[in-house]
Amino acid sequence: MVYLNYKTKRGDSTMDKICTQEELNRKIKRVVITQEEIAAAIEKAGKQISEQYDGKPILLVSILKGAFVFMADLCRAISAPCEVAFMCAKSYYDGTESSGVVKITMDLDRDISGYHVIIVEDIVDTGRTLNDVVRILKGRNPLSVSVVTLLDKPSRRLVDFKADVALFTIPDFFVIGYGLDCGEYFRNLPYIAEYNQEG
Ligand code: IMP
Ligand code: MG
């Protein structure tokens, strides 16, 4: 039997639980967006970006960790020449609620002036993280800043923020997979699933 050290961010954030693989599987309530649906949407978004920015200097900025899978697939769907960069921005959660504190825990290692910056994000929830990240990056004199997010939960918004492109809009439930985690697990699921809070 495989035992995993499972920490949950939901409910009791200090809870340290040993879970079996079976127990982790029970946390996957249902598939919300399939691998095929994600691939088709990314192909479309990649084409759109290629056409819109062809011949211009593009810098894709992925927000770690959640967006690493999306970034890997999106950059390969873009045919126009582009560069990639990574930064880590964390919004701190107290259980299910964002505490509203956004911190850049790993900054870009380069100058972004002279680039059209496209921020690649996994999900826009309250909007606080990206609101801050966009403000910070705009202050560094890029040619432009736009945002592509895989998922959007507009019903959860606490600040006035809108992504330029959102591949999927979902209702208010917690999702895992395709880079998104709960307690650092499930990022490796190839699809987006609803997290089962009772299981
Ligand atoms: P925001 O600042 O509230 O928009 O927070 C966005 C960040 O919270 C995302 O980049 C995710 O890391 C995390 N997040 C928000 N909703 C979910 C979810 O349903 N599943 C997993 N992570 C989430
Ligand atoms: Mg994220």
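Counting starts at 1 for both ligands and their atoms, following the listed order.
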Proximity of Val175 to ligand 1 by residue part, where a heavy atom lies under 4.0 Å: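 For Val175, backbone and side-chain atoms both sit under 4.0 Å from ligand 1.
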
Structural part of Asp122 in contact with ligand 1, heavy atom criterion under 4.0 angstrom: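 The answer is the side chain.
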
For [X], atoms of ligand 1 separated by under 4.0 Å from a heavy atom:
{"X": "Glu121", "value": "10 (O)"}
{"X": "Leu180", "value": "20 (N), 21 (C), 22 (N)"}
{"X": "Asp181", "value": "21 (C)"}
{"X": "Thr129", "value": "1 (P), 2 (O), 5 (O), 6 (C)"}
{"X": "Arg128", "value": "2 (O), 4 (O)"}

Residues forming a ring-ring contact (aromatic ring centres under 6.0 Å, His included) with Phe161, sequence neighbours excluded: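 Phe161 satisfies ring-ring contact (aromatic ring centres under 6.0 Å, His included) with no residue once adjacent residues are dropped.
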
Check: Gly127 N/O within less than 3.5 Å of ligand 1 N/O: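 Yes, since at least one N or O of Gly127 sits under 3.5 Å from an N or O of ligand 1.
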
The one among Thr126, Leu158, Ile192 that brings a heavy atom closest to atom 1 (P) of ligand 1: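 Minimum heavy-atom distance to atom 1 (P) of ligand 1 goes to Thr126.
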
Per atom 16 (N) of ligand 1, closest listed option by heavy atom (Arg157, Glu194, Lys153):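 Nearest heavy atom to atom 16 (N) of ligand 1 lies in Lys153.
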
Lys56, NZ: over 12 other non-hydrogen atoms inside 6.0 angstrom: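 Enclosed: over 12 neighbouring heavy atoms sit under 6.0 Å from NZ of Lys56.
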
Within 6.0 Å of CG in Asp172, more than 12 heavy atoms from elsewhere: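 Result for CG/Asp172: enclosed.
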
Flag, side chain of Thr34 to backbone of Glu37, donor-acceptor distance under 3.5 Å: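 Checked: pair present.
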
Glu43 side chain to Ala40 backbone, donor-acceptor under 3.5 Å: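 No; judged by distance alone, with no hydrogens or angles, the pair does not exist.
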
Closest contact, heavy atoms only, Ile49 versus Ile78: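 Taking Ile49 first and Ile78 second, the nearest heavy atoms are CG2-CD1, 3.9 Å.
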
Which residues share a side chain to side chain contact (heavy atoms under 4.5 Å, CB included) with Glu83, sequence neighbours left out: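 With neighbours one apart ignored, the set is Leu59, Arg110, Tyr115.
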
Ligand 1 contact by Ile63, heavy-atom criterion under 4.0 angstrom: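 Per 4.0 Å heavy-atom rule, Ile63 does not contact ligand 1.
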
Leu108 with Leu143, same ILVMFWY side-chain cluster at under 4.5 Å: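 No; Leu143 is not reachable from Leu108 via cluster members.
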
